[in-house]
S.K.: 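First the structure, then my questions, so here it is.
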Amino acid sequence: MIFKRQKYVDRLVAGQGNGLVKIVTGGRRCGKSFLLFTLFHQHLKEHGVSDDHMIELSFDDRRSRPLRNPDALLDYIEERVKKDSGTYYVILDEVQLVDEFVEVLLSLMHHSQLEVYVSGSNSRFLSKDIVTEFRGRGDIIHLWPLSFAEYYEEIGGDRTLSWRDYYTFGGLPQVVQIQEREKKIEYLQNLYELTYLKDIIDRNQLRNVEGMRQLVQILSSCIGSSTNAQRICNTFQSVENVTISRQTIKEYISYLQDAFLVEEAARYDVRGRKYIGTESKYYFMDMGLRGAILNFRQQEENHIMENVIYNELRMRGFLVDVGMIEAWKKGKNNQNVRRNLEIDFVANKGNQRYYIQSAFSIPDQEKKEQEEASLKAIKDAFKRVVILRDDIMPYHDDNGFLIIGLIDFLLNPNSLDM
């Protein structure tokens, strides 16, 4: 089963000749190596690039260990490049394992015959120091697990059944290719415990392993709910009778973000045009990993749906916040009552903005009013969208809001512009 990952191949192709290092990031087992060594390699071959003009190294392969030495690596590449007029494609996987890899990449950029493509599996790759070093010289391509559209293009079949399998087991390519439910579960649990969690513990030299494990479970349980470090501290104290400082919680969450396991969506005051630093929401990169953390309990489809919508927006290149807006409502004795309403997602890309509500179902007018109240309170002209779990034909309601079914939203990359 071959997943084409065409939009990522297109991004790599579009970067040819731009003079930048093409940097592919993303979580473990998302398919970075396959993208570079199979799909992009195949593209280069089909467009006339010979094997001797492709220098491919994977640094998590023990046979490449001697080349983790920066000078040895530069010498190896230099020896492979012939003094002809051809372009050489240098493809380095898990390059963060190379000592002083930033200096190595900067050195390679000085070679006019080289197109450089690299990958890494944690945000050490994107730390502030490295971003500064590569400012204007790096083209970052973030690889996600399979979107539902990528998944369904290959799997096909009944859309509802495909959705159920997708939101249960996620979109990691290897998991999708496993047929038996028990083996999917085993793979995901081993991947979380032996790769993600172990890597986080080892890289950050954590001593409180159980604290980190419980934190991940807390975040897994509250996707779609606002929280903060203090609230999580209180949960540890009240439920586990364990004291963990707020600063430690913040550091642990940053480690999870570094591993591309979770992302944070900050709260944004739409009317005041400012961020509210009190609480955030955390979403998991892959629903299968989130399920494995909870032993596939707490499979509430409404919360999972919200997480999948967040991921889809991020895959489409949007920056995503949780919107807050102040509104007034007539209360008792006809008095105006102020309330803060939440907009599930404020999605921004360039000069585009969409306000989006995730609504599992709207069975009646009262529920419709409740779901759309925050959208009605917005006074600007950007588009407002309500995504329903129901498989419905997209339409615009009397308020001009786009109402669209979840699966249509996920399968059509232009669905927000209907």
Side-chain angles (χ1 to χ4, degrees), residues 3-61 64 67-68 70 73-74 76-78 80-81 86-98 100-147 150 173 258 260 314-317 349:
F3 297 99
K4 299 174 184 178
R5 314 309 306 265
Q6 193 59 50
K7 70 177 180 180
Y8 299 107
V9 175
D10 291 344
R11 284 281 310 275
L12 293 171
V13 173
Q16 289 180 252
N18 65 8
L20 306 177
V21 175
K22 272 63 72 175
I23 302 171
V24 180
T25 66
R28 296 296 186 94
R29 305 297 185 268
C30 285
K32 297 183 299 298
S33 300
F34 186 77
L35 172 66
L36 290 171
F37 292 147
T38 300
L39 298 177
F40 188 56
H41 179 102
Q42 181 179 333
H43 170 86
L44 293 176
K45 291 277 287 185
E46 290 173 351
H47 288 78
V49 179
S50 59
D51 285 332
D52 64 352
H53 278 59
M54 289 185 249
I55 303 171
E56 300 175 324
L57 293 167
S58 180
F59 294 105
D60 60 357
D61 186 333
S64 298
L67 296 179
R68 293 182 187 178
L73 175 58
L74 288 171
Y76 174 83
I77 293 172
E78 186 67 33
R80 295 283 304 273
V81 177
T87 297
Y88 285 76
Y89 294 84
V90 179
I91 302 175
L92 309 176
D93 189 29
E94 302 295 357
V95 75
Q96 78 275 1
L97 297 175
V98 176
E100 301 173 6
F101 72 89
V102 173
E103 292 185 14
V104 170
L105 298 180
L106 292 174
S107 297
L108 294 176
M109 289 180 68
H110 296 309
H111 203 305
S112 61
Q113 285 181 260
L114 300 183
E115 287 280 343
V116 183
Y117 300 79
V118 300
S119 79
S121 291
N122 61 63
S123 69
R124 177 189 169 198
F125 216 47
L126 297 175
S127 70
K128 292 179 181 178
D129 292 340
I130 295 169
V131 168
T132 299
E133 291 277 7
F134 280 95
R135 183 169 292 137
R137 293 181 284 186
D139 182 6
I140 297 173
I141 301 165
H142 185 81
L143 183 68
W144 289 78
L146 298 170
S147 68
E150 291 177 303
D258 284 351
F260 299 118
R314 295 287 290 118
M315 290 179 202
R316 295 184 189 184
K349 181 166 59 175

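Everything numeric in this text was worked out from a predicted model, so none of it was measured. Just so you know, residue 1 is the first one in the sequence shown, and it goes up from there.
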S.K.: Please round to the nearest 0.5 Å and tell me the distance separating atom CZ of Arg28 and atom CD of Glu94.
M.R.: 5.5 Å

S.K.: Evaluate Glu150 against Lys7 for salt bridge (Lys or Arg N to Asp or Glu O under 4.0 Å), listing each step before the verdict.
M.R.: CA-CA 10 Å; Glu150 291 177 303; Lys7 70 177 180 180; 5.6 Å; no

S.K.: Where is the tightest heavy-atom contact between Leu97 and Arg68, given as atom of each residue plus distance?
M.R.: O-CD, 3.6 Å

S.K.: Can you check whether Phe101 reaches Leu73 side chain to side chain, under 4.5 Å on heavy atoms?
M.R.: no

S.K.: Shortest non-hydrogen contact from Glu115 to Gly15?
M.R.: OE1-O, 4.1 Å

S.K.: Which is it for Tyr117 and Val90 under the side chain to side chain contact (heavy atoms under 4.5 Å, CB included) test, yes or no, and what are the steps along the way?
M.R.: CA-CA 6 Å; Tyr117 300 79; Val90 179; over 6 Å; no

S.K.: Given salt bridge (Lys or Arg N to Asp or Glu O under 4.0 Å), test Arg11 with Asp139 step by step and report yes or no.
M.R.: CA-CA 9 Å; Arg11 284 281 310 275; Asp139 182 6; 3.6 Å; yes

S.K.: Are Ser119 and Leu36 side-chain neighbours, meaning at least one heavy-atom pair lies under 4.5 Å?
M.R.: yes

S.K.: Is there a side-chain contact between Thr87 and Gln113, using heavy atoms and a 4.5 Å cut-off?
M.R.: no

S.K.: For residues Tyr88 and His111, establish whether the separation of their ring centroids is below 6.0 Å.
M.R.: no

S.K.: Where is the tightest heavy-atom contact between His53 and Val49, given as atom of each residue plus distance?
M.R.: CB-CG1, 4.1 Å

S.K.: For Asp51, is there an ion pair with Lys45 - N to carboxylate O distance below 4.0 angstrom?
M.R.: yes

S.K.: Hey, is the main chain of Gly26 close enough, under 3.5 Å, to the side chain of Lys32 for a donor-acceptor pair?
M.R.: yes

S.K.: Under 3.5 Å, is there a donor-acceptor pair linking the side chains of Tyr89 and Glu56?
M.R.: no

S.K.: State whether the number of non-hydrogen atoms from other residues, nucleotides or ligands found under 6.0 Å of Lys4 atom NZ is greater than 12.
M.R.: no

S.K.: Can you tell if the side chain of Ile141 reaches within under 4.5 Å of the side chain of Tyr8, non-hydrogen atoms only?
M.R.: yes

S.K.: Any side-chain heavy atom of Phe40 within less than 4.5 Å of one from Leu35?
M.R.: no

S.K.: Indicate yes or no: at least one non-hydrogen side-chain atom of Leu74 is less than 4.5 angstrom from one of Leu108.
M.R.: yes

S.K.: Is there side-chain contact between Arg80 and Asp52, with heavy atoms separated by less than 4.5 Å?
M.R.: no

S.K.: Minimum heavy-atom separation for Pro70 to Val104, with atom names?
M.R.: CB-CG2, 3.4 Å

S.K.: Are the side chain of Thr25 and the backbone N or O of Gly120 linked by a donor-acceptor pair below 3.5 Å?
M.R.: no

S.K.: Work out which heavy atom in Ser58 is nearest to a heavy atom in Ser64; give both atom names and the distance.
M.R.: O-OG, 3.1 Å

S.K.: Is the shortest heavy-atom distance from the side chain of Leu105 to the side chain of Arg137 under 4.5 Å?
M.R.: no

